[in-house]
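Please read the structure below before turning to the comments.
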Amino acid sequence: EAGVTQSPRYAVLQEGQAVSFWCDPISGHDTLYWYQQPRDQGPQLLVYFRDEAVIDNSQLPSDRFSAVRPKGTNSTLKIQSAKQGDTATYLCASSFYPPGENTEVFFGKGTRLTVV
Amino acid sequence: QQKVQQSPESLTVSEGAMASLNCTFSDGTSNNFRWYRQHSAKGLEVLVSIFSDGEKEEGRFTAHLNRANLHVSLHIREPQPSDSAVYLCAVMSNYNVLYFGSGTKLTVEP
């Protein structure tokens with residue numbers, strides 16, 4: 001079974017540039033999550049979807065961040081006008097709904113973003 | 001929203017000695033706790049999931065949960081240098097959302 005696939009693996013930007021991250025979840029998983037992991041910190045939830053619907057995007061840092069999942073499968077996270085403070089690894093994860101004790105969340109390897 | 005804190009921030013142990021990591025959380029109503037390992041070039045690997053007070057063993061990894069004390073720990077038996085990594089504690093909430101601590105960096109010396 002293929003895992004969660006993310007691309008690109010690395011990105012280096014200058015401040016003010018835009019960047020998009022792409023995520024392909026495990027086939028059949030209806031819930032998709034984006035996490036931000038700054039260096040030396042744990043992952044922090046940004047947004048999550050069930051199918052194509054946004055369940056919670058209240059943790060997106062600002063209106064410079066947006067995320068979509070138009071067909072309930074792949075997802076794109078976009079940062080407009082990146083800032084140095086956006087430097088972090090961006091993780092995508094997926095799982096089945098409904099949640100339960102034995103429901104596992106699978107993570108991709110992440111996209112490491114550096115804004116200079 | 002769960003607040004999760006881990007200690008220590010970093011830990012160095014000798015190969016074969018027990019390694020003990022700690023995690024506290026803010027909301028005792030959750031019943032779904034996980035320990036993950038994160039190598040620098042790899043994704044997150046779940047080590048142990050625990051759902052009730054007491055102990056849960058998965059190979060060399062044992063988690064202890066005490067919800068009354070808002071505490072979950074991870075003990076690694078006979079750690080190897082290959083176990084050197086960042087260990088993350090996570091509490092699962094609605095929709096399988098995970099709230100993570102900031103991690104403990106474990107170094108196992110030969």
Side-chain angles (χ1 to χ4, degrees), chain A residues 1-7 9-10 23-26 29-51 53-60 69 88-112, chain B residues 1-10 21-26 30-54 56 58 63 65 72 74 85-107:
Chain A
E1 177 182 271
V4 178
T5 305
Q6 292 186 243
S7 65
R9 290 296 313 279
Y10 304 93
C23 174
D24 185 6
I26 290 174
H29 280 189
D30 51 10
T31 309
L32 183 146
Y33 316 81
W34 285 101
Y35 288 83
Q36 180 192 57
Q37 185 176 17
R39 185 177 175 82
D40 295 330
Q41 295 186 33
Q44 300 158 13
L45 180 72
L46 292 175
V47 58
Y48 64 103
F49 300 82
R50 183 182 171 197
D51 297 322
V54 173
I55 303 301
D56 187 352
N57 63 1
S58 63
Q59 301 305 309
L60 284 173
R69 194 186 184 199
T89 297
Y90 291 82
L91 296 168
C92 179
S94 68
S95 74
F96 282 114
Y97 184 86
E101 287 187 357
N102 295 318
T103 301
E104 195 47 73
V105 179
F106 295 86
F107 284 83
K109 293 185 177 180
T111 297
R112 182 176 295 182
Chain B
Q1 180 175 328
Q2 279 280 2
K3 303 296 183 185
V4 182
Q5 293 188 310
Q6 291 185 240
S7 64
E9 289 186 7
S10 62
L21 289 65
N22 296 296
C23 175
T24 59
F25 46 91
S26 60
S30 180
N31 62 357
N32 196 324
F33 303 85
R34 283 111 194 277
W35 282 97
Y36 287 87
R37 178 165 66 186
Q38 188 174 38
H39 285 109
S40 58
K42 300 181 182 180
L44 286 165
E45 173 192 9
V46 61
L47 299 172
V48 184
S49 300
I50 186 166
F51 312 114
S52 58
D53 287 344
K56 175 81 174 291
E58 295 285 356
L65 174 62
V72 59
L74 179 69
V86 174
Y87 289 77
L88 293 162
C89 169
V91 181
M92 184 173 279
S93 184
N94 296 333
Y95 281 93
N96 294 340
V97 171
L98 290 162
Y99 294 96
F100 288 89
S102 57
T104 292
K105 183 177 181 180
L106 175 67
T107 302

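Labels below follow one simple rule: chain letters A, B, ... track the order of the sequence lines, proteins then strands, and each chain is numbered from 1.
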**Asked** Roughly how far apart are B:S52 OG and B:F33 CZ, rounded to 0.5 Å?
**Response** 10.5 Å
**Prompt:** Given that the side chain runs from C-beta out, which part of B:V46 has a heavy atom under 4.5 Å from chain A: side chain, backbone, both or neither?
**Reply:** side chain
**Item:** Interface residue of largest heavy-atom contact number with chain B, from A:R112, A:Q41, A:K109, under 4.5 Å
**Value:** A:Q41
**Straight-line distance of B:Y99 OH to B:R34 CZ, nearest 0.5 Å** = 14.5 Å
**Request:** Below 4.5 Å from any heavy atom of chain A, which atoms of B:Q38 appear? Answer side chain, backbone, both or neither.
**Result:** side chain
**Complete:** Turns out that what part of A:Q37 lies under 4.5 Å from chain B's heavy atoms comes down to side chain
**Request:** Kindly compute the distance separating OH (B:Y87) from OG1 (B:T104), expressed to the nearest 0.5 Å.
**Result:** 10.5 Å
**Request:** Mind ranking B:G43, B:S102, B:A90 by heavy-atom pairs under 4.5 Å with chain A and telling me who comes out on top?
**Result:** B:S102
**Request:** Go through the structure and list residues passing side-chain contact (heavy atoms from CB on, under 4.5 Å) with A:R50, not counting sequence neighbours.
**Result:** A:D30, A:T31, A:I55, A:Y97, B:Y95
**Complete:** Whatever's closer than 4.5 Å to a heavy atom in chain B on A:D56 counts as neither
**Request:** Just give me the residue among A:G42, A:G110, A:A93, A:P43 that pairs up with chain B most often, heavy atom to heavy atom, under 4.5 Å.
**Result:** A:P43
**Item:** A:Q36 and A:Q59 side chains, donor-acceptor separation under 3.5 Å
**Value:** no
**Asked** What do you reckon, is NZ of B:K56 surrounded by more than 12 foreign heavy atoms closer than 6.0 Å?
**Response** yes
